[in-house]
Amino acid sequence: NNFSVNWVLILATACCLCGCASAPPMIPISSADAREALEIIQSTGKRYPAEITHADAEEKTLLIVNRLIAHANRKCVEYGELSADRCRSPWEYRVSQDSDFNAFAYGKKSIAVTTGALSLVKSDDELAFILAHEFGHHIANHLSEQKMRSYVGELVGGVLSAGVTVLVAGALGLECNPEFEDCDYLTDLVSDSFETGAIAGREVAVMRYSRQQEAEADRIAADIISSAGFNLDRAIELYAYLGGVDGNIATFSSFGDSHPTDLERLAQLRIFSKWGADSHSFANLRASAEDNNSKAQIALGRKSVTKGHDE
């Protein structure tokens, strides 16, 4: 009937809309890259939080931010996702009194880092990378992209779920004439199906895309801190620590993960360090990414391994 046909047309339109969005590629990881990163993580020792006051944390963060700002602004203009005026507008930062290890981007050009993160970094290079990574989310316009992906995911998930419900109901012969019957049960069925699908669609769209956004922010951060005179090799020691912090080392991320694993991030950052964050031809990397990543996963052979703790 016309009701079912309309849902099919809406579904087709939504799927086309979803297909228009393109995510940046992750750098391919060879089996050798993955194995080297795994060995580094396994050989990295424990860290224990250092005592740091909120005032000292703010002072330390300000010093690093001031060294990064000019380079972050240059990268922002070069990247072209934001207007030049917005790129040159002031950055804002804050240090949150929180024992958890965390940092995040928010607002228009604001970033935050916790005292818990500052208590565990071993060098200015590591802190610079944490901050530059959050700059990277703004520079690549990830916050706006996430909102758009969320909206599209809700639309596609909701329409898909409701459309399937309508088609199945039609195939089962469930019909209702509102002139003579109470059809609220069918309306509620489709409405509930749409809401459920919208929630699932939003989560899938955001989680799938955010892995690639994290890798892109890492790539931007590597360029920013290198141009600011920080040492990328020392900075990425942080991921060697984080990769084995709970003794169970995740090797490769999978569908539904919101972030790359620390092993993946360490391996990619070692590539940046070796070749330079801007020296890659991303078109060629995109073409070879699937093959190289599949070979790396086969070579490691499993999702996670157990780390031997170093005291």
Side-chain angles (χ1 to χ4, degrees), residues 23-47 100-104 117 120-123 125-130 132-134 136-137 207-223 225-226 231-277 280 282 285-286 288-311:
M26 291 179 65
I27 301 300
I29 301 171
S30 70
S31 57
D33 294 330
R35 194 167 296 281
E36 286 176 6
L38 177 60
E39 290 173 354
I40 292 170
I41 291 173
Q42 290 177 320
S43 63
T44 298
K46 290 182 178 180
R47 294 188 185 185
D100 289 339
F101 190 108
N102 196 18
F104 53 92
L120 281 169
V121 295
K122 286 175 55 180
S123 65
D125 307 281
E126 291 183 354
L127 179 56
F129 190 87
I130 292 172
H133 175 90
E134 303 310 328
H137 282 307
M207 286 191 297
R208 177 186 177 277
Y209 197 59
S210 63
R211 288 204 311 275
Q212 294 164 312
Q213 287 182 329
E214 292 299 322
E216 186 179 25
D218 279 350
R219 189 161 66 226
I220 294 170
D223 184 40
I225 72 165
S226 296
N231 186 302
L232 182 57
D233 286 328
R234 287 200 296 268
I236 62 181
E237 291 175 5
L238 176 67
Y239 287 113
Y241 159 70
L242 293 175
V245 70
D246 63 357
N248 191 40
I249 304 170
T251 52
F252 287 90
S253 54
S254 58
F255 184 83
D257 291 341
S258 63
H259 284 60
T261 66
D262 291 309
L263 183 146
E264 288 174 316
R265 297 177 81 167
L266 177 61
Q268 291 186 63
L269 288 166
R270 281 170 53 79
I271 294 173
F272 299 153
S273 179
K274 182 177 180 180
W275 299 108
H280 297 280
F282 292 114
L285 287 171
R286 182 193 291 271
S288 63
E290 183 176 346
D291 181 57
N292 282 354
N293 279 324
S294 64
K295 288 178 181 177
Q297 293 190 45
I298 291 171
L300 288 179
R302 54 189 173 185
K303 173 67 179 175
S304 63
V305 295
T306 301
K307 175 187 176 183
H309 288 291
D310 295 325
E311 297 299 333

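Throughout, numbering of the chain's residues begins at 1 and tracks the sequence. No hydrogens, no waters, no symmetry mates; every other heavy atom, side chains included, goes into these values.
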Carefully, step by step, assess Ile225 and Asp125 under the rule side-chain contact (heavy atoms from CB on, under 4.5 Å). CA-CA 8 Å; Ile225 72 165; Asp125 307 281; 5.7 Å; no

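- Between the side chains of Tyr241 and Arg47, no donor N or O sits under 3.5 Å from an acceptor N or O.
- Taking the side-chain hydrogen bond (donor to acceptor under 3.5 Å, both in side chains) definition, one finds that Glu36 meets it with Arg270, sequence neighbours left out.
- Nearest heavy atom pair, residue Arg234 against residue Asn231, reads N-OD1, 2.9 Å.
- In this structure Asp233 satisfies the side-chain hydrogen bond (donor to acceptor under 3.5 Å, both in side chains) test together with Ser273, sequence neighbours excluded.
- Scanning all heavy atoms of the two residues, the minimum distance from Ala215 to Pro260 falls at N-CG, 4.4 Å.
- Remark: His133 pairs with His137 by the ring pair (Phe, Tyr, Trp, His ring centres under 6.0 Å) rule, at least two apart or across chains.
- Proximity of Leu269 to Tyr239: side-chain heavy atoms (C-beta onward) are separated by under 4.5 Å at one or more points.
- Closest non-hydrogen pair, Ile41 versus Gly244, comes out as CG2-N, 3.5 Å.
- Across all their heavy atoms, Glu126 and Lys122 have their closest contact at OE1-N, 2.8 Å.
- For the pair Leu263/Leu38, a side-chain contact is recorded, criterion being any heavy-atom separation below 4.5 Å from C-beta on.
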Apply side-chain contact (heavy atoms from CB on, under 4.5 Å) to residues Thr44 and Glu237 and explain how you reach the verdict. CA-CA 9 Å; Thr44 298; Glu237 291 175 5; over 6 Å; no

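- For Ala117, the side chain to side chain contact (heavy atoms under 4.5 Å, CB included) partners two or more places apart in sequence, or in a different chain, are Phe101, Val113, Thr114.
- The closest side-chain heavy-atom distance from Phe272 to Ile236 is not below 4.5 Å.
- Between atom CG of residue Leu120 and atom CD1 of residue Ile130 there is a gap of 9.0 Å, rounded to the nearest 0.5 Å.
- For the residue pair Ala240 and Ile40, the shortest heavy atom distance occurs at CB-CG2, 3.7 Å.
- Across every non-hydrogen atom of Leu232 and Ser226, the tightest pair is CB-OG, 4.1 Å.
- With sequence neighbours excluded, the residues satisfying side-chain hydrogen bond (donor to acceptor under 3.5 Å, both in side chains) with Asp33 are Ser30.
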